[in-house]
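Here is the structure we will look at, set down as structure tokens.
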Amino acid sequence: MLHISTRGEAPSIGFSEALLTGLARDSGLYVPQSWPQISETTIKGFAGQRYADVAKQVLGRLVGDDIAPADLSRMVEEAYSGFRHKAICPLVQLDDNLFLLELFHGPTLAFKDVAMQLLGKLMDHVLKAKGHRATIVGATSGDTGSAAVEAFKGLDQVDIFILFPKGRVSEVQRRQMTTVDSPNVHTIAVDGTFDDCQALVKAMFNHGAFRDQVNLSGVNSINWARVAAQSVYYFTAAVALGSPARKVSFSVPTGNFGDIFAGWAAKKMGLPIERLMIGTNANDILARTLETGSYEIRGVVPTTSPSMDIQISSNFERLLFDAYGRDPEAVRNTMAQLSQAGSFTIAPEALAKIRSEFSAQAVDEKAVAEEMATVRNETGYILDPHSAVGVRAARELLRTQPEVPVVALSTAHPAKFPDAVKAATGVSPALPPHLADLLDRKEKVSHVENDLTAVEALIKDRARILKA
Ligand SMILES: Cc1ncc(COP(=O)(O)O)c(C=O)c1O
Ligand SMILES: N[C@@H](CCOP(=O)(O)O)C(=O)O
């Protein structure tokens with residue numbers, strides 16, 4: 001199984017190389033050269049199977065020959081052995097035809113664990129087989145960072161550096177990153193937004209000398225393996241509701257477009273998804289784009305769902321690649337416009353393709369709080385603010401297609417965002433026992449201005465690969 005860059009000017013590579021490469025050398029994103037197909041019969045057979053067993057089958061097709069099935073199977077089992085729910089990603093019914101897919105039963109209480117727990121094991125395995133070490137750099141608006149730190153802490157083959165926007169993540173999110181005491185973990189608070197952190201990471205990948213010097217690797221959803229691992233729960237959820245005989249829609253609280261692109265990947269592999277709903281918070285660039293066809297960057301506003309406070313939605317490039325009939329030149333031109341003018345316009349045919357598969361709904365702060373309160377009052381269930389965006393957007397889909405069940409992705413545990421949850425519902429959600437003393441743990445964090453040279457200097461000073 002080969003992977004190609006959305007910009008068409010980087011070498012095509014196998015799964016293991018894509019896993020280690022992160023951003024392609026032409027600044028594009030890797031995707032499978034063609035979508036592996038999973039037959040209706042196989043999908044039907046997923047019903048009643050353990051999450052890990054479905055994961056082995058879906059990922060087996062995406063990994064191809066690159067990793068031996070026995071190794072993949074062992075790593076999948078290990079990755080999901082620490083989840084606090086036996087179903088790994090259980091479904092909960094909220095209302096007629098409205099379901100929640102709980103993705104927060106991993107160690108750091110957000111959906112990122114589902115992919116990251118596996119990614120840590122896959123990278124360690126591939127690096128050891130090659131006898132290589134790597135330096136991982138990641139940008140986070142709160143959840144990717146904590147999941148990555150948890151998954152990679154203590155590994156000999158890697159050092160991990162996580163950049164987060166200073167003062168723009170919740171206290172629980174920050175502490176989940178900064179209290180991990182491991183010699184290979186480095187957290188860096190950057191004076192800026194998540195988009196600034198993500199731009200720094202991409203700039204490091206585009207700085208060839210630095211990239212090669214530290215053997216740079218990435219764990220953001222620019223890394224195809226992240227998206228691949230996330231596609232599994234679309235299968236388990238849809239099948240639990242009667243797929244493939246019954247079509248199901250998904251509503252996904254969206255920022256960097258990785259999670260919803262995983263749904264698109266599942267659909268391209270054969271899962272009969274009716275519609276994919278992009279739920280945004282007040283940072284509504286994607287909702288505006290679907291409405292107008294014009295992607296226009298505005299300033300980021302802080303919200304109660306900080307992990308979605310994003311303007312540069314990296315994985316949208318992967319969707320544009322498909323919408324433009326996999327024409328890398330169209331993607332290159334589009335991305336050049338974005339970096340020169342801060343905006344681009346989608347060609348009418350490509351836009352029509354996107355609109356035929358995706359819907360979008362912006363959910364403002366008032367509606368997020370109302371949704372948390374409504375769900376608490378009507379069902380007793382406590383949503384986190386990100387999941388509330390997904391549920392609110394799901395209701396919009398149900399208004400137009402009430403007969404099609406909608407699965408809203410519940411991407412974080414409410415205890416990660418206690419202030420917003422308390423304000424909306426009056427309830428103070430408790431952290432699970434393994435994190436009960438989080439607020440008393442000692443923090444270790446560096447501060448850096450939003451400057452590429454400063455960040456690279458810090459990494460070069462600490463990366464063990466340069467000391468060996
Ligand atoms: C809790 C939560 N919900 C939703 C999102 C948005 O997901 P994506 O960036 O994959 O669109 C994020 C960040 O990625 C998140 O941390
Ligand atoms: N919301 C994310 C932002 C980074 O997204 P990623 O999926 O590309 O890693 C976060 O919580 O860090």
Side-chain angles (χ1 to χ4, degrees), residues 22-23 29 101-104 106 108-116 119 136-149 151 162-165 168-170 172-174 176-177 187 190 193-199 201-202 218-227 229-231 233 250-265 276-281 283 285-287 300 303-319 358 360 363 368 383-391 393 408-417 420-421:
L23 196 68
L29 303 180
L101 180 60
E102 291 185 342
L103 300 172
F104 52 73
T108 69
L109 318 184
F111 77 101
K112 310 286 179 169
D113 289 323
V114 180
M116 208 66 86
L119 215 68
I136 292 173
V137 180
T140 189
S141 51
D143 290 327
T144 292
S146 40
V149 162
I162 295 294
L163 277 53
F164 69 90
R168 288 175 182 256
V169 301
S170 79
V172 172
Q173 288 178 311
R174 188 191 71 241
Q176 282 182 306
M177 297 185 272
T187 47
V190 176
T193 63
F194 166 76
D195 289 316
D196 295 323
C197 297
Q198 182 162 245
V201 169
K202 287 186 178 171
V219 286
N220 281 107
S221 55
I222 53 174
N223 188 321
W224 167 248
R226 273 272 315 278
V227 179
Q230 288 171 212
S231 69
Y233 46 69
F250 286 88
S251 174
V252 187
T254 299
N256 226 0
F257 210 79
D259 209 7
I260 196 160
F261 193 81
W264 174 246
L276 286 159
M277 165 61 93
I278 304 164
T280 75
N281 66 17
N283 296 291
I285 185 162
L286 291 171
V300 180
T303 70
T304 49
S305 46
S307 302
M308 288 156 53
D309 292 347
I310 293 178
Q311 290 287 302
I312 312 280
S313 190
S314 292
N315 288 282
F316 197 62
E317 175 168 345
R318 286 188 163 115
L319 181 64
F358 290 81
V363 184
V368 172
L383 290 169
D384 100 285
H386 304 75
S387 309
V389 168
V391 171
L409 270 51
S410 180
T411 48
H413 189 292
K416 284 196 108 164
F417 308 95
V421 172

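Heavy-atom basis, side chains included; hydrogens, waters and symmetry copies ignored. Index from 1, following the sequence. Whatever order the structure lists ligands and atoms in, that order sets their numbers, starting from 1.
With Arg318 contributing its side chain and Ile222 its backbone, the two residues share a donor-acceptor pair below 3.5 Å. Side chain of Glu317 to main chain of Ser314: no donor-acceptor pair is present (N/O by atom type, distance under 3.5 Å, no hydrogens or angles). Between the side chain of Gln198 and the backbone N or O of Ile312 there is at least one donor-acceptor pair closer than 3.5 Å.
Those atoms of ligand 1 with a heavy atom of Asp143 less than 4.0 angstrom away are 1 (C), 2 (C), 15 (C), 16 (O). Set against the non-hydrogen atoms of Pro253, the atoms of ligand 1 under 4.0 Å away are 4 (C), 5 (C), 6 (C), 7 (O). Within ligand 1, the atoms closer than 4.0 Å to a non-hydrogen atom of Lys112 are 13 (C), 14 (O), 16 (O), numbered from 1 in the order shown. Interface of Gly258 with ligand 1, defined as ligand atoms under 4.0 Å from a residue heavy atom, comprises 8 (P), 10 (O), 11 (O). Ligand 1 places these atoms under 4.0 Å from at least one heavy atom of His386: 1 (C), 2 (C), 3 (N). Within the listing of ligand 1, atoms 4 (C), 5 (C), 6 (C) sit less than 4.0 angstrom from a heavy atom of Met308. Against a heavy-atom cut-off of under 4.0 Å, Ala412 is close to the following atoms of ligand 1: 1 (C). Every atom of ligand 2 is numbered from 1 in the order shown, and the set under 4.0 Å from a heavy atom of Thr144 is 2 (C), 4 (C), 5 (O), 6 (P), 7 (O), 9 (O), 10 (C), 11 (O), 12 (O). In summary, the atoms of ligand 2 found under 4.0 Å from a heavy atom of Asp143, numbered by their order in the structure, are 10 (C), 11 (O), 12 (O). When each atom of ligand 1 is checked for a heavy atom of Phe257 under 4.0 Å away, the hits are 8 (P), 9 (O), 11 (O).
Counting heavy atoms closer than 4.0 Å to ligand 1, residue Ala110 contributes nothing at all. Of all the heavy atoms of Lys416, none lies under 4.0 Å from any atom of ligand 1, so neither backbone nor side chain is involved.
The minimum heavy-atom distance linking Phe417 with Thr304 is given by the pair CD2-O, 4.5 Å. Nearest heavy-atom pair across Pro385 and Ala420 is CG-CB, 3.8 Å. Closest approach of Ile162 and Gly145 over heavy atoms only: CG2-CA, 3.7 Å.
Interatomic distance, NZ of Lys112 versus CZ of Arg226, reported as 4.5 Å (0.5 Å rounding). With values rounded to the nearest 0.5 angstrom, Thr108 atom OG1 is found 10.0 Å from Met177 atom CE. Separation of atoms CG (Asp143) and CE (Met308) is listed at 11.0 Å; rounding is to 0.5 Å. With rounding to the nearest 0.5 angstrom, the CD1 atom of Ile285 is 11.5 Å from the CD1 atom of Ile278. Atom CZ of Phe358 and atom OG1 of Thr254 lie 9.0 Å apart (nearest 0.5 Å). To the nearest 0.5 angstrom, Thr187 atom OG1 is 6.0 Å from Phe164 atom CZ.
The N/O atoms of Asn256, backbone and side chain alike, include one that comes under 3.5 Å of an N/O atom in ligand 1. Between Arg226 and ligand 2, a contact under 3.5 Å exists for at least one N or O pair. Close N/O approach between Asp384 and ligand 1 is not found [any backbone or side-chain N/O within under 3.5 Å]. Geometrically, ligand 1 and Phe111 share no nitrogen or oxygen pair separated by less than 3.5 Å.
Among all non-hydrogen protein atoms, the one lying nearest atom 10 (O) of ligand 1 is Asp259 N, 2.9 Å. Scanning the protein heavy atoms around atom 3 (N) of ligand 1, the nearest turns out to be Thr411 OG1, 2.8 Å. At the top of the distance list for atom 8 (O) of ligand 2, counting protein heavy atoms only, stands Ser221 OG, 2.5 Å. The shortest contact between atom 11 (O) of ligand 1 and any protein heavy atom is with Gly255 N, 2.7 Å. When hydrogens are left out, the protein atom nearest atom 12 (O) of ligand 2 is Thr140 OG1, 2.5 Å; that is the closest non-hydrogen contact.
Ligand 2 is never approached by Met308 to a heavy-atom distance shorter than 4.0 Å. Judged by the shortest distance from any of its heavy atoms, Gly142 lies inside the 4.0 Å radius around the atoms of ligand 2. Residue-ligand proximity: Phe194 is placed with a non-hydrogen atom under 4.0 Å from ligand 2.
Applying the side chain to side chain donor-acceptor pair (under 3.5 Å) test between Thr303 and each of Asp309, Asn283, Thr280 identifies Asp309 as the sole match.
The nearest non-hydrogen atom to atom 2 (C) of ligand 2, considering only Ser141, Ala115, Ala139, Ala262, comes from Ser141.
Here the side chains of Ser141 and Ser307 are in contact, with some heavy-atom distance below 4.5 Å. Contact check for Val169 versus Thr140: no side-chain heavy atoms found under the 4.5 Å cut-off.
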